[in-house]
Amino acid sequence: MRSTTDRLEEAGAGKGGEDFPCLERRALLKYTAGAVFVLLAGRAGAAPDDNSLLALRVWPSDEYSRITFESRQKLFFKQMLLKDPDRLVVDMEGVDLESVLVNIFGKVLDSDPYIQLIRAAQNRPGVVRLVVDLKAEINPQVFTLDPVGDYAHRLVIDLYPLEPYDPLLALIRKSSPMDAATGQRSDDELEDPIAALAAKTSPDTPPPSSPPPDKPIVPNKGDNTVRRDPPKAKRLYTVVLDPGHGGEDPGAIGRRGSYEKNVNLSIARRLKRKIDNTPGMRAMLTRDGDYFVPLAQRVVRARKVQADLFVSIHADAFVRPEARGSSVFVLSEKGASSSTARWLAQKENDSDLIGGVNLARQDGHIARTLLDLSLAATMNDSIKLGRAVLAALGDINTLHKPHVEQAGFAVLKAPDIPSILVETAFISNPEEEARLNDEAYQEKMADAILRGIRRYFDENPPMQRSPVARS
């Protein structure tokens with residue numbers, strides 16, 4: 001069993017002479033004892049002072065890990081990246097050490113791919129030194145966020161791998177159920193991932209098909225023309241599924257405490273499995289865990305994998321609990337089709353503010369991607385897709401509106417991909433909240449969306465294209 005001194009060294013002292021040059025062990029014992037007292041005593045009594053840390057949250061994922069500090073006052077910081085061993089050092093001014101130590105406790109998971117340990121100590125008067133021990137070399141982004149929504153001031157530390165996340169490579173790795181299970185990829189996939197993805201579907205693989213029409217097509221008398229089946233698919237149809245919100249951005253919260261971000265991800269995962277099991281189709285998730293992805297990045301990822309469709313999945317809330325039903329939205333060039341659509345679009349577009357985007361790092365490429373949809377063909381295809389999905393949703397749930405609605409959703413602004421946003425139900429409605437948390441109902445919802453997608457592909461098969469990724 002480790003001694004108390006060993007635990008203190010692991011939590012705060014580490015290489016004391018290097019990371020915490022002004023902190024002696026006796027001082028560390030004093031500060032840690034104070035932190036344990038605060039932890040045991042809770043917050044009964046006087047409210048914390050303005051220098052106390054309100055919360056520390058850690059969001060691990062394969063793409064990047066995020067650490068956020070929340071405080072009543074703006075946090076000023078300096079950072080440095082150290083080697084041998086790899087660690088990130090952040091000096092924070094104007095924050096109480098004891099509140100930092102209390103909030104660090106138990107926040108780092110063993111499964112975190114980038115963070116080994118977080119420790120803190122008093123570096124000098126008025127400055128707390130935070131040391132993030134790393135499992136791998138990283139590219140850090142550290143920035144602050146002003147208060148928004150339910151959050152106070154935040155300091156955000158994003159730890160990205162040196163090799164940026166590649167959505168196309170991620171799709172290749174999961175393009176075959178067997179490959180996904182074994183984690184193996186062929187040499188061809190490594191050299192030319194797009195061509196390998198296209199090759200996974202044989203020219204003889206039939207396209208996805210929807211149920212036969214209610215009335216059979218009867219040829220006119222005297223018509224000797226031979227009826228032929230629709231042309232068979234010569235490539236995979238790629239559908240990008242976008243589970244809304246995530247990480248710091250919980251989305252809407254139901255009266256029973258359900259988080260929209262969790263419902264969205266659960267339905268999207270079920271839908272992905274169903275699409276992957278459909279001949280000629282593959283799906284990719286813009287996020288596959290509880291972490292935040294900026295709206296612009298969701299669009300960029302869809303374009304990088306040459307998506308044929310983009311489906312954003314949500315379960316929003318409204319000011320009145322009686323609001324109910326499923327809806328489908330497409331982008332509007334001229335304004336929202338209703339006041340509700342306008343209100344929902346504004347809430348969804350605020351996700352970047354809630355989730356926390358480092359605006360200083362938004363490059364021109366991403367900015368150019370977020371253009372108003374101007375291609376008439378793409379707009380028309382989005383509406384066709386929306387109608388097909390809405391009709392299928394009507395088989396399992398009340399429709400909030402009997403037609404596809406339009407509003408200025410930022411996440412739908414890919415100029416060359418038919419895109420829809422599905423509001424599966426209102427999580428603010430207690431009855432619909434209960435259904436959204438029911439696994440059987442989530443399966444029905446995923447089945448309905450898939451039926452709509454298949455019907456769209458049957459009626460509007462994507463054109464063949466050369467295997468060149470969008471930039």
Side-chain angles (χ1 to χ4, degrees), residues 207-215 217 230 233 237-242 244 264 267-268 271 274-275 278 280-281 283 299 302 307-316 323-342 344-345 348 372-426 432 444-463:
S209 58
S210 59
D214 295 335
K215 295 182 180 181
I217 299 175
Y237 295 164
T238 303
V239 181
V240 169
L241 304 175
D242 173 48
N264 297 341
I267 294 175
L271 178 55
K274 295 176 186 296
I275 291 176
T278 302
M281 293 175 62
V299 177
D308 295 293
L309 298 179
F310 180 90
V311 180
S312 191
I313 298 174
H314 292 258
D316 220 321
R324 62 183 301 128
S326 301
S327 305
V328 176
F329 293 84
V330 298
L331 186 67
S332 170
E333 292 182 295
K334 300 179 180 178
S337 57
S338 69
S339 58
T340 302
R342 184 182 306 108
L344 289 175
E348 300 300 350
D372 282 343
L373 191 59
S374 58
L375 299 178
T378 307
M379 174 69 81
N380 290 335
D381 284 341
S382 296
I383 294 174
K384 291 176 183 177
L385 172 62
R387 287 172 179 165
V389 171
L390 188 66
L393 291 175
D395 294 337
I396 66 165
N397 194 24
T398 302
L399 296 181
H400 185 68
K401 290 287 180 66
H403 55 267
V404 175
E405 295 198 77
Q406 296 180 263
F409 291 92
V411 78
L412 301 181
K413 293 185 177 181
D416 48 357
I417 305 171
S419 304
I420 62 172
L421 185 145
V422 178
E423 293 287 0
T424 54
F426 280 89
E432 293 202 330
K444 290 181 180 179
M445 183 63 64
D447 282 331
I449 298 174
L450 176 58
R451 285 199 303 273
I453 291 172
R454 292 173 65 179
R455 184 168 302 169
Y456 170 82
F457 277 141
D458 278 352
E459 298 173 356
N460 306 273
M463 296 179 63

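This structure is a prediction, so every number in the text was calculated from the model and none was measured.
- The distance from atom CG of L390 to atom CG of D395, rounded to the nearest 0.5 Å, is 10.5 Å.
- Across A414 and S419, no two heavy atoms sit closer than the pair CB-OG, 4.4 Å.
- Heavy-atom minimum distance, F310 versus V411: CE2-O, 3.3 Å.
- For the atom pair CG (L271) and CG (L241), the distance works out to 4.5 Å, reported to the nearest 0.5 Å.
- Note that the NE2 atom of H314 and the CZ atom of F329 stand 10.5 Å from one another [nearest 0.5 Å].
- By the 4.5 Å heavy-atom criterion applied to side chains, T278 and I453 are not counted as neighbours.
- Residues that satisfy the side chain to side chain contact (heavy atoms under 4.5 Å, CB included) test with A268, not counting sequence neighbours, are P243, L285, I313.
- The two atoms that bring H400 and R324 nearest to each other are ND1-O, 2.9 Å, heavy atoms only.
- Scanning all heavy atoms of the two residues, the minimum distance from A425 to N397 falls at CB-ND2, 4.2 Å.
- Proximity of a side-chain donor or acceptor of S326 to a complementary backbone N or O of L399 within less than 3.5 Å is not detected.
- Nearest approach of M445 to I396, heavy atoms of both residues: CA-CD1, 3.6 Å.
- With sequence neighbours excluded, no residue forms a salt bridge (Lys or Arg N to Asp or Glu O under 4.0 Å) with R387.
- Of the options L309, D381, V389, a side-chain contact (heavy atoms from CB on, under 4.5 Å) to I420 is made by V389 and by none of the others.
- Here the shortest heavy-atom pairing between L393 and A448 reads CD2-CB, 4.0 Å.
- The line from CD1 of I383 to CG of L331 is 10.0 Å long, rounded to the nearest 0.5 Å.
- Here the side chains of K401 and E423 are not in contact, with every heavy-atom distance at 4.5 Å or above.
- Applying the salt bridge (Lys or Arg N to Asp or Glu O under 4.0 Å) criterion to K444, with sequence neighbours excluded, gives no partner residue.
- Within the model, atoms CG of L385 and CG of D308 stand 11.0 Å from one another, a figure rounded to the nearest 0.5 Å.
- Taking the side chain as every heavy atom from C-beta outward, I417 and T378 never approach each other to under 4.5 Å.
- Summarising the geometry, atom CG belonging to N380 is positioned 10.0 Å from atom CG belonging to N460; distances are rounded to the nearest 0.5 Å.
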